[in-house]
Amino acid sequence: KKRLYHLEEASIGGHLVARRNLGIDELSNGRLERSVKHLLIAANLGDTEAVEFLKEVHEMGQEYEMGAFGIDVCDAAVRGYQAAVDATK
């Protein structure tokens, strides 16, 4: 419970790893939509691992028919990640 609180606080403050970990925690708790939102935000801030994790979740969702999100979400994550990387150049 404390861990979740601190992850949320760090995420609000813009910490990438905390945002990604919050997305992973949400997924493990069965909240796919919240998980995807957190991972998309992390990807848009330039987190490579969040993009890769979104791709894995998408593939896993198709495999196990767990209500997978569309490929458009993965595309949006890659575009957001690329924009963040370009902005740092």
Side-chain angles (χ1 to χ4, degrees):
K1 197 169 182 178
K2 256 187 181 179
R3 179 180 186 275
L4 184 61
Y5 169 78
H6 288 291
L7 279 176
E8 288 172 348
E9 289 297 309
S11 295
I12 290 168
H15 196 273
L16 291 180
V17 176
R19 181 68 72 172
R20 178 184 353 115
N21 288 340
L22 194 55
I24 292 169
D25 281 359
E26 293 289 359
L27 183 65
S28 66
N29 290 330
R31 294 187 286 262
L32 180 64
E33 282 187 33
R34 283 182 62 119
S35 172
V36 169
K37 286 180 184 178
H38 287 298
L39 291 168
L40 269 174
I41 292 168
N44 287 335
L45 293 173
D47 187 1
T48 309
E49 292 181 35
V51 175
E52 295 304 318
F53 196 77
L54 275 168
K55 289 178 184 176
E56 289 176 24
V57 169
H58 175 69
E59 291 169 5
M60 183 176 67
Q62 286 182 330
E63 234 173 84
Y64 299 108
E65 296 176 8
M66 59 180 245
F69 51 91
I71 191 69
D72 55 327
V73 173
C74 288
D75 290 341
V78 171
R79 283 193 308 271
Y81 167 76
Q82 194 61 48
V85 169
D86 291 344
T88 60
K89 289 183 180 177

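If you read the sequence from its start, that first residue is 1, and numbering goes on from there. Source: prediction; values computed, not measured.
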Quiz item: Looking at L16 and A42, what are the two nearest heavy atoms and their distance?
Solution: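 Heavy atoms of L16 and A42 come nearest at CD2-O, 3.9 Å.
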Practice problem: Grab the two heavy atoms, one from Y81 and one from V51, that are nearest each other, plus how far apart they are. | Solution: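 What the structure gives for the nearest pair is CB-CG2, 3.7 Å.
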Quiz item: Between L32 and V36, is any pair of side-chain heavy atoms under 4.5 Å apart?
Solution: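 Answer yes - side chains close enough.
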Please list, chain by chain and in numerical order, all residues satisfying side-chain contact (heavy atoms from CB on, under 4.5 Å) with [X], sequence neighbours excluded.
{"X": "L7", "result": "R3, A18, N21, L22, D25"}
{"X": "F53", "result": "I24, L27, L39, E56, V57"}
{"X": "E52", "result": "K55"}

Quiz item: Can you name the residues that form a salt bridge (charged side-chain N to carboxylate O under 4.0 Å, His left out) with E8, not counting sequence neighbours?
Solution: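 E8: no salt bridge (charged side-chain N to carboxylate O under 4.0 Å, His left out) contacts found.
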Self-check item: Partners meeting side-chain hydrogen bond (donor to acceptor under 3.5 Å, both in side chains) with R31 (sequence neighbours left out)
Solution: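 By the side-chain hydrogen bond (donor to acceptor under 3.5 Å, both in side chains) rule, R31 matches E26.
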Self-check item: Pairing residues for E9 by the side-chain hydrogen bond (donor to acceptor under 3.5 Å, both in side chains) criterion, not counting sequence neighbours
Solution: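 For E9, no residue satisfies side-chain hydrogen bond (donor to acceptor under 3.5 Å, both in side chains) once neighbours in sequence are set aside.
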Quiz item: Measuring from L54:CG to R20:CZ, what's the distance to the nearest 0.5 Å?
Solution: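 Going from CG on L54 over to CZ on R20, the span is 11.0 Å.
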Quiz item: Rounded to the nearest 0.5 Å, how far does CZ of R19 lie from NZ of K37?
Solution: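 K37 NZ to R19 CZ: 11.5 Å, rounded to 0.5 Å.
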